[in-house]
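All values below come from the heavy atoms of this structure, side chains included, with hydrogens, waters and symmetry mates left out.
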Amino acid sequence: QVDVAAMARLFGYVDVTDSGFIAAVLSIAFNPLFWNVVARWEHKTRALSQVFGSPRAACYCLGAVILMLNGVRSHCFTEAMKSQPKLEGLDCHWVYYTGLAILAVGTLFVISSFLALGFTGTFLGDYFGILMEAKVTSFPFSVLDNPMYWGSTAIYLGWSLM
C-alpha cells in the first residue's frame with residue numbers, strides 16, 4: 001500500500017500545468033543532458049576541435065554556450081518560482097535569512113570550485129584533451145567531492161526559500 005496523501009498535498013502547492021514551471025523543468029533537464037552529449041561526442045570525434053581550430057577554442061565556445069544555457073535556466077527557474085503558490089509557513093524572516101545563508105554557502109562552493117579548476121577545468125576541458133597537471137585537492141574539493149554540483153543545488157534551494 002502506498003500512501004499518496006503527501007504527494008496529493010504537494011500537488012496542492014505546485015502548479016505543474018503552469019508554462020513557467022514546465023519551461024523550468026525542461027531547462028533543468030536539458031542543460032546537463034546537452035553538455036554531456038556534446039562533450040562525449042567531442043571526446044569520440046574531436047569534431048568541435050576541428051571546427052574551431054583547436055581544443056582550447058572549442059572548449060571555450062562550449063563553455064560560453066553552457067553559461068548562456070545556465071542563464072536561461074536561472075531565468076526560467078525564477079519565473080517559475082514567481083508564478084507558483086507559496087507556502088504560508090515559509091513566509092517569515094528566519095526562512096528568508098536561512099535561504100540567504102544557504103545561497104551564500106552555495107555561491108562560495110561554486111566560485112571557489114571555478115577558481116580552483118579554471119575555465120577549461122570547469123567546462124569539460126578533459127573531454128577536449130585539456131588535462132590538469134594534478135587532481136585538485138584544495139578547498140572546496142577538500143570538503144566535498146562535487147562542490148560545483150552541491151553549490152549549485154544549494155543556490156537553487158536558498159533561492160527557493162527566499
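Counting heavy atoms from C-beta on, the side chains of Val25 and Phe77 never come closer than 4.5 Å. Residues Phe34 and Leu69 meet the side-chain proximity criterion, which asks for heavy atoms closer than 4.5 Å. For the pair Met132 and Leu117, the minimum side-chain heavy-atom distance is below 4.5 Å. Side-chain contact check for Val110 versus Ser152: some heavy-atom pair is nearer than 4.5 Å. Side chains of Thr137 and Ser142 form no contact here, defined as non-hydrogen atoms less than 4.5 Å apart.
Every residue two or more places apart in sequence or in another chain that forms a side chain to side chain contact (heavy atoms under 4.5 Å, CB included) with Leu144 is listed here: Phe109, Pro147, Trp150. Partners of Ser27 according to the side-chain hydrogen bond (donor to acceptor under 3.5 Å, both in side chains) rule, which considers only residues two or more places apart in sequence or in another chain, do not exist here. Residues that satisfy the salt bridge (Lys or Arg N to Asp or Glu O under 4.0 Å) test with Lys82, not counting sequence neighbours, are Glu79. Judged as a side-chain hydrogen bond (donor to acceptor under 3.5 Å, both in side chains), and not counting sequence neighbours, the contacts of Asn70 are Asn31, Arg73. By the ring-ring contact (aromatic ring centres under 6.0 Å, His included) test, Phe128 is found to be paired with no residue, residues two or more places apart in sequence or in another chain being considered. Judged as a side-chain hydrogen bond (donor to acceptor under 3.5 Å, both in side chains), and not counting sequence neighbours, Tyr60 has no contacts. Under the ring-ring contact (aromatic ring centres under 6.0 Å, His included) criterion, Tyr96 pairs with no residue at all, not counting sequence neighbours. Every residue was checked against the ring-ring contact (aromatic ring centres under 6.0 Å, His included) condition with Phe21, not counting sequence neighbours, and none meets it.
Around the NZ atom of Lys86, the shell of radius 6.0 Å holds more than 12 heavy atoms that belong to other residues, nucleotides or ligands. The local environment of OH in Tyr97 is sparse, with at most 12 non-hydrogen atoms from other residues, nucleotides or ligands closer than 6.0 Å.
Listed by chain and number, the hydrophobic cluster partners of Val72 come to none, as no ILVMFWY side chain reaches under 4.5 Å of it. Through direct or relayed side-chain contacts under 4.5 Å between Ile, Leu, Val, Met, Phe, Trp and Tyr, Ile22 connects to Leu26. Cluster partners of Leu33, by chain and number: Val37. The rule joins Ile, Leu, Val, Met, Phe, Trp and Tyr whenever side-chain heavy atoms lie under 4.5 Å apart.
Note on Leu90 and Leu100: separate hydrophobic clusters, where clusters join Ile, Leu, Val, Met, Phe, Trp and Tyr whose side-chain heavy atoms are under 4.5 Å apart, directly or indirectly.
Distance alone, capped at 3.5 Å, places no donor-acceptor pair between the Glu42 side chain and the Tyr127 backbone. Remark: the backbone N or O of Ala80 is paired with a side-chain donor or acceptor of Ser83 at under 3.5 angstrom.
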Yes or no on ring pair (Phe, Tyr, Trp, His ring centres under 6.0 Å) for Tyr156 and Trp159, after CA distance, side-chain angles and deciding distance? CA-CA 5 Å; Tyr156 284 106; Trp159 204 345; 5.7 Å; yes

Tell me, with the steps shown, if Val38 and Leu48 meet side-chain contact (heavy atoms from CB on, under 4.5 Å). CA-CA 9 Å; Val38 170; Leu48 290 176; 3.7 Å; yes

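Within the structure, salt bridge (Lys or Arg N to Asp or Glu O under 4.0 Å) pairs that include any residue of residues 129-145 do not occur (at least two apart or interchain).
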